[in-house]
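In what follows, a structure is listed as C-alpha cells, so that the remarks can point back to it.
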Amino acid sequence: MNDPQIFHPQQIEDTVINLAKRGYILDRNLLSELIERKKKLQIEEEILQNNRNQISKEISFKIKDTDVSDLKNHVIQINQRLESIKSEVEAASKALEAFYLDIPNLLHHSVHVGESDADNAVIKTVGHPKVFNFEPKDHVELGQHLNGINFSDAVKISGSRFVILQGQIAKLNRALISFMIDTHVNRGYTELNVPVLVKKEAMYGTGQLPKFADDQFMLERDQLSLIPTAEVPVTNMVRDEILSEDELPKKYVAYTSCFRREAGAYGKDTRGMIRVHQFEKVELVKIVKPEMGEDELESLLTDAENILRLLELPYRVVSLCSKDIGFCSQKTYDIEVFLPSQNTYREISSCSHFGTFQARRMQARYRSPHYKKPQLVHTLNGSGLAVGRSLVAVIENYQQPDGSIIVPEVLIPYMHGQKIITP
RNA sequence: GGAGAGAUGGCUGAGCGGUUGAAAGCGGCGGUCUUGAAAACCGUUGAAGGGGGCGACUCCUUCCCAGGGUUCGAAUCCCUGUCUCUCCGCCA
C-alpha cells in the first residue's frame with residue numbers, strides 16, 4: 001500500500017503521471033469522494049462517541065444521590081444513532097481501503113518506460129554463451145539420458161507441471177542448494193527454515209493478496225496458503241513489529257519449496273522443469289532503514305549474481321521497464337541465465353526494492369532517535385537463486401557430447417568429490 | 001484428540017463494572033552529581049486515526065489477543081474463536 005500522502009493536492013499530479021507509466025489510470029474523482037465520505041462520517045461518529053462518554057461520566061458522578069434515568073435514556077438514544085453511523089463508517093473505510101489496496105507501488109524515478117518485457121534494458125552481460133561443437137540437448141533429454149529427471153511418474157502422482165529428480169541429478173540439486181545457502185551465509189545472511197503454509201494476513205502483508213488470489217494454492221478448509229515464494233513467511237516475520245535501529249539491516253536467506261498455480265501461463269513453457277507448480281528456491285530478504293534501500297538493492301543484486309559467477313554460468317542483468325515491474329515493487333532487476341537449448345537468456349532471479357509498500361501493509365517499523373514516531377522500514381528480496389532453473393542451466397551449459405555433465409568446480413565438494421555425472 | 005491454566009504497555013507484572021491509557025518494577029530517554037564512567041537521586045517514556053494552529057503544540061476518538069453480547073458505562077461480567085503453556089493419548 002502506498003502512503004496516502006501521495007494523493008494530497010500538492011503531490012497528486014506527480015502520482016498520476018507515475019502510475020500512468022505502469023498503465024494504471026487513477027480515478028481521482030472516486031478517490032477524493034471516498035476520502036471525503038469517510039472523513040465526514042468519522043467526525044460524526046467521534047462527536048457522538050464523545051457525547052456518550054461525557055454523559056456516562058456524568059452518570060457516574062450523580063448516580064449515588066440523583067435520579068439519572070433521563071441521562072440514561074439520552075445515552076440510549078445516542079447509541080441508536082451511533083449504531084447506524086458505525087456501519088456507515090465501516091463501509092466507507094472498507095471502500096477506501098479496497099481502493100488503496102488496488103493501487104500499485106510508485107515506480108522509482110530511475111525506472112524507464114516500456115510496454116512489455118521486450119522493452120527491458122540490459123544493464124550488463126557477464127560471460128559468453130558457450131559455443132558447442134555439437135548440437136546441445138535440452139535438460140529434458142539430458143535428464144532422461146542420465147535417468148535423473150522423471151516426468152512420467154510425477155504426472156502419474158501429481159499431474160502436469162510436476163517433476164521428480166532422482167539419483168545423481170537429485171544429488172546435484174541438493175548440492176546447488178547447500179552451495180547457495182553457504183555462500184550467502186558467508187556474506188552475512190542469516191539462514192532460516194520457515195513454514196511453507198501461511199495465513200491470509202501474511203499473504204496480504206507482502207501483497208500476494210487480495211489482487212493475486214488466482215496464482216496461489218489455497219487450503220480452503222484450514223484457510224492457509226502454500227507460499228509462492230519464501231518472501232512471504234520471511235518478510236512477514238517483522239509484521240506488526242517495532243524494531244530498534246541497531247537490529248537493522250536484517251538479512252535472511254531461506255531455502256523453501258514454492259508453489260504456484262501458473263493460472264495465466266497455459267501453454268507456456270510446457271516442456272521441462274522451467275515452469276512447474278512446485279519448485280525450490282533460495283531466497284534473500286532484507287529489512288533495512290529507508291535511507292539504505294537503494295544501496296541495498298544493488299548489493300542484493302550483487303549477492304545473487306555472485307552465485308552465477310561462481311557457477312561460471314553466462315548471464316545478463318536487465319532492469320525491468322515500467323509495465324513489466326511487479327505490483328508491489330518500485331524497482332526490479334532480473335538476472336537471466338543463458339540456456340543453450342533455447343539459445344536465449346531466461347529469468348533465474350528477480351531482485352526487487354519495495355520501499356515502504358509492504359512495510360505499510362505489515363505495519364513493520366523501527367524506532368530511530370531522529371524521529372519521534374516509529375518509521376516504516378524498507379523491504380527487499382531477490383532469488384539467490386531459483387534452484388530448479390539453476391539445475392537446468394548447469395545441466396545444459398555443462399553438457400558434453402556424450403550426454404554426461406561436468407560438475408562445476410564450486411559444486412565438487414558438495415558432490416563429495418564427484419567431477420562428472422554419467423549414466 | 002481429551003483435561004486444565006493463561007493472553008495487559010519495549011519487557012516483567014498489578015488491576016473492586018464508573019477520571020484506569022492502565023499501579024509497580026525493569027529497560028529507554030533527559031537531567032543533577034562526577035575529571036569521566038558507574039551508583040544514587042529527580043524528571044520523562046505506548047500505538048493508530050481524525051480535528052484545530054505557520055509553529056513549539058493542542059483537542060477528540062479508538063486500542064488491555066480477536067469477534068460478538070450484557071450495561072447508561074467493560075481491561076474487569078457472559079459467549080465464540082485464535083494462540084501459548086501443563087498433563088494424558090496418538091504420531092513423525
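On a predicted model such as this, the values are computed, not experimentally measured, just so you know. All values below were derived from every heavy atom in this structure, side-chain atoms included, with hydrogens, water molecules and symmetry-related copies excluded. Just so we're on the same page: letters track the sequence lines, and every chain starts at 1.
Checking each of A:Gln399, A:Gln342, A:Arg271 against A:Asp138 for a side chain to side chain donor-acceptor pair (under 3.5 Å) leaves exactly one that passes, namely A:Arg271.
The C1' atoms of B:U71 and B:G18 are separated by 12 Å, rounded to the nearest whole Å. Nucleotides B:G4 and B:C60, compared at atom C1', are 44 Å apart to the nearest Å. Of the C1' atoms belonging to B:G25 and B:G15, the separation is 15 Å, rounded to the nearest Å. Rounded to whole Å, the P atom of B:C72 lies 23 Å from the corresponding atom of B:G67. Distance noted for atom P between B:G9 and B:C88: 32 Å (whole Å). Of the P atoms belonging to B:A75 and B:A22, the separation is 13 Å, rounded to the nearest Å. Going from the C1' atom of B:U70 to that of B:G89 covers 39 Å, rounded to whole Å. Across the P atoms, B:A37 and B:U32 are found 11 Å apart, a figure rounded to whole Å.
A:Ile59 comes within 4.0 angstrom of a base, heavy atoms only. Among the heavy atoms of the strands, none lies under 4.0 Å from A:Ile55.
Using cut-offs of 30° and 60° on the angle between ring planes, the pair A:Phe162 and A:His277 is tilted.
Per the geometry, CD belonging to A:Gln49 stands 12 Å off C1' belonging to B:G50, to the nearest Å. A straight line from CD of A:Glu241 to C1' of B:A47 spans 14 Å, rounded to a whole angstrom. In this structure, A:Lys200 atom NZ and B:U82 atom C1' are separated by 15 Å, rounded to whole Å. Summarising the geometry, the separation between CG on A:Asn53 and P on B:C59 is reported as 16 Å, rounded to the nearest angstrom. What separates CG of A:Asn50 from C1' of B:U19 is a distance of 14 Å, to the nearest Å. Straight-line distance from the CG atom of A:Asp246 to the P atom of B:G28: 12 Å, rounded to whole Å. Look at CD on A:Glu44: it is 15 Å from C1' on B:C60, rounded to the nearest Å. When the P atom of B:G10 is taken as reference, atom CD of A:Glu245 falls 18 Å away, rounded to whole Å.
Defined by atom type and a distance below 3.5 Å, a donor-acceptor pair is present between the side-chain atoms of A:Ser244 and A:Glu247. At a cut-off of 3.5 Å, with distance as the only test, a side-chain donor of A:Glu231 or A:Asn381 sits close to an acceptor on the other residue. One side chain, A:His378 or A:His353, offers a donor N or O that lies under 3.5 Å from an acceptor on the other.
Nearest-nucleotide assignment on RNA chain B puts the 5′-proximal partner with A:Gln42, out of A:Gln42 and A:Gln54. Comparing A:Lys57 and A:Asn51 against RNA chain B, the residue whose closest nucleotide sits nearer the 5' end is A:Lys57.
Comparing B:A48, B:U61, B:C72 by their closest approach to the side chain of A:Pro374 singles out B:A48. Considering only side-chain atoms of A:Ser56, the nucleotide from B:G50, B:G73, B:U62 that sits closest is B:G73. Listed nucleotides B:U62, B:G50, B:A48 differ in distance to A:Arg52; the shortest reach to its side chain belongs to B:U62.
Ring to ring, A:Phe259 and A:Phe279 are not that close: their centroids are 6.0 angstrom or more apart.
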request  = Evaluate the criterion side-chain contact (heavy atoms from CB on, under 4.5 Å) for residue pair A:Leu31 and A:Phe7; output intermediate values, then yes/no.
outcome  = CA-CA 9 Å; A:Leu31 178 62; A:Phe7 303 113; 3.6 Å; yes
query = Would A:Tyr189 and A:Lys286 satisfy side-chain contact (heavy atoms from CB on, under 4.5 Å), going step by step from the backbone distance to the final call?
reply = CA-CA 9 Å; A:Tyr189 291 82; A:Lys286 290 187 184 181; 3.2 Å; yes
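Between A:Asp215 and A:Arg260 no salt bridge is recorded (no basic side-chain N to carboxylate O distance below 4.0 Å).
Evaluation of atom-type donor-acceptor distances gives no pair under 3.5 Å for the side chain of A:Glu46 against the base of B:G51.
Close to B:G46, at under 4.0 Å from its OP1 or OP2, lies no side-chain N or O of A:Lys373. OP1 or OP2 of B:G51 sits under 4.0 Å from a side-chain N or O of A:Lys39.
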key: Bracket string, RNA chain B, 5' to 3' - pairs by Watson-Crick or G-U geometry under 3.5 Å, | interstrand   = (((((((..(((.....[.....)))((((((.......))))))(((((((....))))))).(((((..]....))))))))))))....
